[in-house]
Amino acid sequence: RRAGLWLRPGADAAAAQRMLESMPELADWEVVPNAAIRAGAIRTFNRTFLITDLMGSLAAFVAFMAVVSALTALLEERMRTLGYLRAIGVSRRQLGTSLAIEAALLAGVAALVSMATGVLMSAVLVFEVNPRAFGWSLQFLPGQGSYGQLFALALAAALLGSAYPIWRATRLSVVATIREE
C-alpha cells in the first residue's frame, strides 16, 4: 500500500522516512521518497523512447539511401543532357556545382514539406489520438524544437548523399554520354 506524505519546506525527508519505517502499524506499507519515484518514472520514460530514437536513426539512414538512389536515377536519365553540357564547354566544376545546388533545393523543399507534415501529424496525435487512446494529452508546442538544426541536417544529408552521384556524373566521358545507342 502507498500513500502520499507532504512535508513542510525545510523538513528532513530522510528522518521522516526513518520514523515512518519504524512504526509497527505501517509495517506493510512501502515508504518511497518522491525523488526515487520521479527517478524511476524518468528511467521508464527514457526506456520507452529508446525505440523511438532507434527508429529515428533508421529513418535517417533510409532517407540518406533514398537520396542517393533518387539522385542516381535522375542523373542516369539526364546523362545525355549532361554530356551535351560538357561538350559545349561546361566544366566539371560548374556541372557539379549546378547539380549540388539542385540537390540542396530538392532537399530544402522536401525538408519544409516534411516539417509541415510533422507538425500536422503531431497535432493529430496531441488533439485526437492521445485523448481517445489514453484519456490524456500533451501540450502542443509547434514553435518549440530544433527545426533549424533538423533543416540543416536534411540539407547536409542531401549534399552528402548526392556526392557520389554528382562525382559519377562529372567523371563520365563526354563522347560516351552523347553517343547514339
Between [atom1] on residue [X] and [atom2] on residue [Y], distance to nearest 0.5 Å:
| X | Y | atom1 | atom2 | answer |
| --- | --- | --- | --- | --- |
| S91 | R86 | OG | CZ | 7.0 Å |
| S98 | R93 | OG | CZ | 14.0 Å |
| T170 | L85 | OG1 | CG | 13.0 Å |
| L106 | I101 | CG | CD1 | 12.0 Å |
| L75 | S162 | CG | OG | 9.0 Å |
| M23 | L20 | CE | CG | 6.5 Å |

Are there over 12 heavy-atom neighbours, none belonging to R132, within less than 6.0 Å of that residue's CZ?
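No, not enclosed.
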With a cut-off of 6.0 Å (strictly less than), are more than 12 heavy atoms of other residues, nucleotides or ligands near CZ of F61?
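For F61, atom CZ is not crowded (no more than 12 foreign heavy atoms under 6.0 Å).
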Applying a strict under-4.5 Å side-chain criterion to I, L, V, M, F, W and Y, I'd like to know whether [X] and [Y] cluster together.
| X | Y | answer |
| --- | --- | --- |
| L95 | L172 | yes |
| V68 | L71 | no |
| W167 | L99 | no |
| V126 | M115 | yes |
| V90 | M79 | yes |

Might you point out which heavy atoms bring [X] and [Y] nearest each other, and give the distance in Å?
| X | Y | result |
| --- | --- | --- |
| P165 | T72 | CG-OG1, 3.3 Å |
| P142 | V119 | CB-CG1, 4.0 Å |
| L82 | A169 | CD1-CB, 4.0 Å |
| L159 | A104 | CD2-CB, 4.1 Å |
| G83 | V174 | O-CG1, 3.6 Å |

Applying side-chain hydrogen bond (donor to acceptor under 3.5 Å, both in side chains), can you list everything that pairs with R18, at least two apart in sequence or on another chain?
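side-chain hydrogen bond (donor to acceptor under 3.5 Å, both in side chains) list for R18, sorted by chain: empty.
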Using the test side-chain hydrogen bond (donor to acceptor under 3.5 Å, both in side chains), find all partners of R168 that sit at least two apart in sequence or belong to another chain.
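Per chain and number, R168 pairs via side-chain hydrogen bond (donor to acceptor under 3.5 Å, both in side chains) with E76.
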Please enumerate all residues that pass salt bridge (Lys or Arg N to Asp or Glu O under 4.0 Å) together with R92, with sequence neighbours excluded.
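Result, salt bridge (Lys or Arg N to Asp or Glu O under 4.0 Å) vs R92: none returned.
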Could you tell me if the side chain of V124 sits less than 4.5 Å from the side chain of M121, heavy atoms only?
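The answer is no; the side chains never approach within 4.5 Å.
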Within the 4.5 Å heavy-atom criterion, are F140 and S122 side-chain neighbours or not?
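Yes, their side chains come closer than 4.5 Å.
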Give the C-alpha distance, both sets of side-chain angles, the deciding distance and a yes or no for side chain to side chain contact (heavy atoms under 4.5 Å, CB included) between F127 and L138.
CA-CA 8 Å; F127 295 119; L138 302 167; over 6 Å; no
